[in-house]
Number of protein chains: 2
Amino acid sequence: MEDEKRTVRAVERALDVLLCFTSGSEWGLTDIAQRVGLHKSTVHRLLATLEEKGFVARDEATDKYRLGLRILELSAHLTRSDDPAVVLLGEMERLRDQLGETVSLYVRDRKDRVRIQAVQSEQAIRRVAPVGARLPLFVGASSKVLLAFAEPEVREALLSDPAWPASIDVEAYRKQLAEIAEAGYATSYEEREAGAAAISAPIFNRSGKLVAALSVSGPSNRLTPDVMRERAPAVVSAAKRMGALLG
Amino acid sequence: MEDEKRTVRAVERALDVLLCFTSGSEWGLTDIAQRVGLHKSTVHRLLATLEEKGFVARDEATDKYRLGLRILELSAHLTRSDDPAVVLLGEMERLRDQLGETVSLYVRDRKDRVRIQAVQSEQAIRRVAPVGARLPLFVGASSKVLLAFAEPEVREALLSDPAWPASIDVEAYRKQLAEIAEAGYATSYEEREAGAAAISAPIFNRSGKLVAALSVSGPSNRLTPDVMRERAPAVVSAAKRMGALLG
DNA sequence: CCAATCGTTTCACCCAATGAAACCGTGGTA
DNA sequence: TACCACGGTTTCATTGGGTGAAACGATTGG
């Protein structure tokens, strides 16, 4: 098993430490050391480095570690003017007002999907959708869209990836993706989360490349299968309109 | 000059590479190598590591490096429910509507200040204030507030820091800070940026500790010195109201 | 007062990060 | 077509620096 690493171990470890903060915002040194499986002193040194550069900070009261404002600074530079999350925001708000449900935008990032933009429904019972959330790429309407309309090589690589959950029958899944490709959209009903449902449609840029999945989601008692079927065309045409706004 | 480094060099370098993206969103390998003063191959390895963990990604078209979505993911976990940037947003919007100008919230982060929240004026000519921006701690109304109301040790440490610009007379500056502490707010008129002016007031938490500076900023022809003097009480009392919302 | 726990510092060993140089791929130019 | 210039990539010998065991302090609480 020659791993052919051309990466820097210390940096990998430091980034793993940073990624601890994607689950739980406050950590003690020992907790982190345990979590990443390294010695206390090693983690201590890594944290000192991260702290010096402002990537983590210490809570004054608890003395525990938390994310630093350098993260905020970097994230401010994440969006360019041609970023879908910016360009499509207006259209997303329009769709939210039209359907009254939360609208999200997902892109594929390696083997996950990431919510890069969201506008919340204004109803009392609504789907809350934090921007930046990283979700699995095998369940949920948007996952299926991102797979169904991906380039075939990409799709096959993901389906045959060792990380793909063994509990899902690949053949049946592939068949479902083909149906979605045919229909032009996907739905999910209490698939990833109980009580939630969603409609999702692909957004292609001018050269026909899949760039994102547009998703409308809400409580499953409002978004019943029938309602979703009825509203799907609105989502699909919104996605088409959005595609035209991209480069 | 014993530097007593208890940090990890490779990690420091990797973070420096990341920080390149705070000025300019797209970089080639050679550019970065030049900027951080390291060999191409070293930077290549660091970038490969950052890329593997999703902290940077490559633009498909240009093949250049850009920030990855892991940054977005982390930034989503930056704000806790008790974060001033969240808790005070409502009050900030109220103040924006009252005065019609852009309202920002700054905290001190080491030797800089960082804009952690902002709501834009809705006028045609307005101050635009991106969240996450890192600004110097010696010019601008909020800087002066963050210094004037800081704990004395902190203030003195900063004023006598070698990084403090020699062009500013420390004694005169200290005098100005004392006046600000007396008045309870600070103003700036075309101080950091030509054509811009601002009023800023301190926000203290329940235990009397300075946590942020509230700032109202706009074009200097609207926010003339007279107008600012007249509006200062509104900013100060808004800041006081906000303080009451904090822990 | 002691025990437990957490963060910090020290230190010798030896792995792994480093940068020079060579290599490869691409686009532009004569 | 041949050539060059300029990006990114890979290789490799050298040794600096990252590593973890262990000892140390500082708190906490029973």
Side-chain angles (χ1 to χ4, degrees), chain A residues 1-21 23-68 110 153 207, chain B residues 1-21 23-68 110 153 207:
Chain A
M1 53 178 295
E2 36 171 297
D3 246 339
E4 287 293 334
K5 352 199 283 173
R6 24 189 139 265
T7 59
V8 181
R9 191 180 60 162
V11 175
E12 270 188 337
R13 291 173 163 187
L15 298 179
D16 283 337
V17 167
L18 257 190
L19 289 177
C20 284
F21 296 95
S23 57
S25 60
E26 272 200 0
W27 291 84
L29 183 143
T30 312
D31 303 323
I32 297 178
Q34 202 163 298
R35 193 165 207 268
V36 299
L38 294 172
H39 200 273
K40 275 198 304 177
S41 65
T42 304
V43 174
H44 183 254
R45 237 175 303 115
L46 295 174
L47 281 168
T49 313
L50 290 167
E51 188 181 11
E52 198 194 38
K53 297 285 179 188
F55 284 77
V56 302
R58 318 189 63 159
D59 192 292
E60 313 204 1
T62 64
D63 221 53
K64 295 190 171 232
Y65 290 91
R66 43 177 30 278
L67 287 175
R110 313 189 143 254
E153 318 85 69
S207 37
Chain B
M1 50 179 296
E2 35 171 298
D3 247 340
E4 288 293 334
K5 346 199 288 173
R6 24 189 138 266
T7 59
V8 181
R9 190 180 59 163
V11 175
E12 270 189 336
R13 290 171 164 187
L15 298 180
D16 283 338
V17 167
L18 257 190
L19 289 176
C20 284
F21 296 96
S23 56
S25 61
E26 273 200 359
W27 292 83
L29 184 144
T30 313
D31 302 323
I32 298 178
Q34 202 163 298
R35 193 163 205 269
V36 298
L38 294 172
H39 200 274
K40 275 199 304 176
S41 65
T42 303
V43 174
H44 182 256
R45 236 176 303 117
L46 296 174
L47 280 169
T49 313
L50 289 167
E51 188 181 10
E52 199 193 38
K53 297 283 178 187
F55 284 76
V56 302
R58 318 189 64 160
D59 192 292
E60 312 204 2
T62 64
D63 222 53
K64 294 188 171 232
Y65 291 91
R66 41 177 31 276
L67 287 175
R110 313 191 144 250
E153 319 85 70
S207 36

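Chain A is the first sequence line, chain B the second, and so forth, proteins listed ahead of strands; every chain is numbered from 1. Computed from a prediction, not measured in an experiment: that's the story for all the values here.
For residues 39-50 of chain A, proximity to DNA chain C is found at Lys40(A), Ser41(A), His44(A), defined as any non-hydrogen atom under 4.0 angstrom from a strand atom.
If you take CD of Gln34(B) and P of dG8(D), they are 11 Å apart, rounded to a whole angstrom. If you take CZ of Arg9(B) and P of dA16(C), they are 15 Å apart, rounded to a whole angstrom. In this entry the distance linking CG of Asp16(B) with C1' of dA17(C) reads 16 Å, nearest Å. When the C1' atom of dT9(D) is taken as reference, atom OH of Tyr65(B) falls 9 Å away, rounded to whole Å. The CG-P distance, from Leu29(B) to dC24(C), rounds to 18 Å in whole Å. The CZ-C1' distance, from Arg13(B) to dA17(C), rounds to 9 Å in whole Å. With rounding to whole Å, Leu38(A) atom CG is found 13 Å from dA16(C) atom P. In this structure, Glu12(A) places its CD atom 14 Å from C1' of dG18(D), rounding to the nearest Å.
Minimum atom distance to the side chain of Ala10(A) is reached by dT19(D), of the listed dT19(D), dG17(D), dC6(C).
A pairwise comparison of heavy atoms in Val8(B) and Ala10(A) identifies CG1-CB, 3.9 Å as the closest pair. Minimum heavy-atom separation, Lys64(B) to Trp27(B): CB-O, 3.5 Å. Residues Ala33(B) and Val43(B) share a closest heavy-atom pair of CA-CG2, 3.6 Å. Minimum interatomic distance between Phe55(A) and Leu18(A) (heavy atoms only, all atoms of both residues): O-CD2, 4.0 Å.
In this structure, Glu26(B) places its CD atom where more than 12 heavy-atom neighbours from other residues, nucleotides or ligands lie under 6.0 Å away. Annotation for Glu60(B): atom CD does not count as buried by contact number, only 12 or fewer foreign heavy atoms lying within 6.0 Å.
The residue among Val11(A) and Lys64(A) whose nearest nucleotide of DNA chain C lies closer to the 5′ end is Lys64(A).
Here Asp16(B) pairs with Lys53(A) in a salt bridge; the nearest charged N to carboxylate O distance falls below 4.0 Å.
For the pair Arg6(A) and dA17(C), the criterion of a side-chain N or O lying under 4.0 Å from OP1 or OP2 is not met. The phosphate of dC6(C) has neither OP1 nor OP2 within less than 4.0 Å of any side-chain N or O from Arg58(A). Contact annotation: Thr30(B) side-chain N/O to dG8(D) OP1/OP2 distance is under 4.0 Å.
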